[in-house]
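Comments concern the structure below.
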Amino acid sequence: MVKFNRFTLDNGLRVLVHEDNTTPMAVVNILYDVGARDEDESQTGFAHLFEHLMFGGSVNIPTYDEPLQRVGGENNAFTSNDITNYYVTLPAVNLETAFWLESDRMLSLAFSEKSLEVQRNVVMEEFKQRYLNQPYGDVWLRLRPMVYKQHPYRWATIGKELSHIENAHIDDVKAFFKKHYNPQNAIMVVGGDVKTEDVKALAEKWFGPIPAGNKYVRNIPQEPEQHEERHETVTAKVPLNDVYIAFQAPGRMEDGYYAVDLMGDILSRGNSSRLYRSLVKDQQLFSEIHAYMTGSFDTGMFVVEGKPLETVSIEQAETAIWQQLELLKNDDVPADELIKVKNKTESTLMFSEMSLLDKAMNLAYYELLGDAELLNDEADRYLEITAAQIREQANRIFRKDNSSTLVYLAEQNTAEEIETE
């Protein structure tokens, strides 16, 4: 049970406080309700570019990291298709430093051509290294547009193509900041050895004067249901053949989400899971295989991904995967198997609430979903799922006409090249 207090500033900034005097540390987590789905399709990768730009200095503070390091603090950030999240951990006695730093960059980033140029190059390099020049690196650049035809989930967080970052103009970047990085589009969670009244005073002092900005109203085309089988085969410099089968699945707050998430664990969590036991160990068809949900706010993706052994054809591999999915459609999951998976899920959720930073991030995330209190009900939602619900979702999702299959074929000379290098 994670306890918290909540208040909202006049400018719309939502603040949650989790008091924990068992630690001398504090965390300040700011979640901005902006992700890659909020980008213009001709200017993708901006949300992720901002994750880098936000560390490039603000109007009154030329370098972000230096003052933080002086008081023993650390920081980082991440971007997804749905959110951008920034966090600072530091000794609680130095809490005000985090407020000073975070409020200044929310108020106004120091936009300069130089800062943009530096961060643009960093992001372009990341795009090349992680997505273009790495085996299977472009999987999301290929798979997302297969699964999504209307929704902006059809591009990855890094962006649709390199040129969008390359051509990012400072005026466009400023407009994106003004639209999304304001108090009423943010949720701040402060946790650790803090008192709510002190946090309130600091929030009023540092964030209160920041203008609310215009309320961003999201108007995103939702993805229509898929009713056609999609297939793409790529020959690439990869060490092994690889098969990805993706299905449209429920969004984060939709009915069925929890059942489908559990289904991923039944199929591929640990060495006793179905895919590992049957396809890796018993039949020896795959060297590795995984199944997982993306957990997207809007229509999600359920992905099964496996690397077949060299002696196994792609057709064999796909057939073997579908056989396992058909079992979920035709038979209820036995009670003992379902209990075991639920217990693992419950212990994972409890473990994720142990660290102060995880608590703060989770509170912000669930507050954005509708109410931070949802965090405390999460385990129950999984425990309530029945075998019938899992079977129902399996039948709804695991249809050929709801599948997008991406196959990587290893170039024949790849193995020899690897040996000679």
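Hydrogens, waters and symmetry mates are skipped; everything else that's a heavy atom, side chains included, is used.
Of the N and O atoms on the side chains of Q324 and S278, at least one donor lies less than 3.5 Å from an acceptor on the other residue. With no hydrogens or angles considered, no side-chain donor-acceptor pair links Q226 and D401 at under 3.5 Å. Inspection of the T84 and E51 side chains reveals no N or O donor paired with an N or O acceptor under 3.5 Å. With hydrogens and angles left out, the side-chain atoms of T319 and Q316 include no donor and acceptor closer than 3.5 Å. Counted by atom type alone, W206 and E102 present zero donor-acceptor pairs between their side chains at under 3.5 Å. For the 3.5 Å distance criterion, the side chains of Y382 and D261 qualify, holding a donor opposite an acceptor. For D265 and Y292, the side-chain atoms include no donor-acceptor pair closer than 3.5 Å. Inspection of the K340 and S272 side chains reveals an N or O donor paired with an N or O acceptor under 3.5 Å. With hydrogens and angles left out, the side-chain atoms of Y366 and E378 include a donor and acceptor closer than 3.5 Å. A donor-acceptor contact closer than 3.5 angstrom is absent between the side chains of D65 and T63. Neither side chain, E166 nor H164, offers a donor N or O lying under 3.5 Å from an acceptor on the other. One side chain, R269 or T348, offers a donor N or O that lies under 3.5 Å from an acceptor on the other.
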Would you check, one step at a time, whether the test salt bridge (Lys or Arg N to Asp or Glu O under 4.0 Å) holds for D82 with R37? CA-CA 6 Å; D82 294 308; R37 66 175 173 162; 3.3 Å; yes
Residue pair D38, Y216: steps toward the side-chain hydrogen bond (donor to acceptor under 3.5 Å, both in side chains) verdict: CA-CA 10 Å; D38 298 301; Y216 165 59; 2.6 Å; yes
Check step by step if salt bridge (Lys or Arg N to Asp or Glu O under 4.0 Å) holds for E117 and R120. CA-CA 5 Å; E117 184 64 24; R120 192 164 44 200; 2.5 Å; yes
Give the C-alpha distance, both sets of side-chain angles, the deciding distance and a yes or no for side-chain hydrogen bond (donor to acceptor under 3.5 Å, both in side chains) between W155 and E39. CA-CA 10 Å; W155 56 82; E39 296 162 349; 3.0 Å; yes
Dump the intermediate steps for salt bridge (Lys or Arg N to Asp or Glu O under 4.0 Å) on E223 and K149, then the final yes or no. CA-CA 7 Å; E223 189 61 26; K149 299 299 178 188; over 6 Å; no
Test side-chain hydrogen bond (donor to acceptor under 3.5 Å, both in side chains) applied to E318 and H231, step by step: CA-CA 12 Å; E318 284 187 40; H231 214 289; 3.3 Å; yes
Taking it one step at a time, do E41 and R154 satisfy salt bridge (Lys or Arg N to Asp or Glu O under 4.0 Å)? CA-CA 9 Å; E41 66 176 312; R154 62 186 186 276; 2.8 Å; yes
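For N167, the CG atom counts as densely surrounded, since its 6.0 Å shell holds more than 12 non-hydrogen atoms of other residues, nucleotides or ligands. K215 NZ: more than 12 foreign heavy atoms inside a 6.0 Å radius. More than 12 heavy-atom neighbours from other residues, nucleotides or ligands sit within 6.0 angstrom of CD on E161.
Heavy-atom minimum distance, I210 versus P183: CG2-CG, 3.7 Å. In terms of heavy atoms, L141 sits closest to A156 at CD2-CB, 3.9 Å. The nearest pair of heavy atoms linking A36 to A47 is N-CB, 4.0 Å. Heavy atoms only, all atoms of each residue included: A360 and N29 are closest at CB-CB, 4.1 Å.
In this structure, I187 and I30 have side chains that are not in contact, with every pair of non-hydrogen atoms separated by 4.5 Å or more. Between Q389 and E384, the closest side-chain pair of non-hydrogen atoms is not below 4.5 Å. Taking 4.5 Å as the limit, some side-chain heavy atom of S287 sits within range of a side-chain heavy atom of L240. Counting heavy atoms from C-beta outward, L16 and N5 have side chains that stay 4.5 Å or more apart. Side chains of V243 and E305 form no contact here, defined as non-hydrogen atoms less than 4.5 Å apart. Contact annotation: the side chain of D242 never approaches that of V407 to less than 4.5 Å [non-hydrogen atoms, C-beta and beyond]. Residues H227 and R399 form a side-chain contact, since some pair of their non-hydrogen atoms from C-beta on lies under 4.5 Å apart. S58 places none of its side-chain heavy atoms less than 4.5 Å from the side chain of L101.
A donor-acceptor pair is defined here as one N or O able to donate and one able to accept, closer than 3.5 Å; such a pair exists between the side chain of N241 and the backbone of A410. When atom types are taken as modelled, the side chain of D104 and the backbone of W100 share no donor-acceptor pair closer than 3.5 angstrom. Under a 3.5 Å cut-off, the side chain of R391 and the backbone N or O of N330 do form a donor-acceptor pair. A distance-only check finds no donor-acceptor pair linking the side chain of K400 to the backbone of E229 [under 3.5 Å].
Aromatic ring orientation, Y153 versus Y148: perpendicular (interplanar angle above 60°, classes split at 30° and 60°). The aromatic rings of F78 and Y87 sit tilted, their planes meeting at an angle between 30° and 60°. Under the 30°/60° scheme for interplanar angles, the aromatic rings of F302 and F247 are found to be tilted. Using cut-offs of 30° and 60° on the angle between ring planes, the pair F176 and H180 is tilted.
By the 6.0 Å and 45° rule, K281 does not stack over the aromatic ring of Y276. A cation-pi geometry, defined here as NZ or CZ lying under 6.0 Å from the six-membered ring centre and within 45° of its normal, holds between K307 and Y136. A cation-pi geometry, defined here as NZ or CZ lying under 6.0 Å from the six-membered ring centre and within 45° of its normal, holds between R105 and Y64.
Between E367 and R6 there is a salt bridge, since at least one side-chain N of the basic residue sits less than 4.0 Å from a carboxylate O of the acidic one. Using a cutoff of 4.0 Å between basic side-chain nitrogens and carboxylate oxygens, K128 and E126 are not scored as salt-bridged.
F127 and W140 have their aromatic ring centers separated by at least 6.0 angstrom. Ring centers of F111 and F177: under 6.0 Å apart, within the cut-off.
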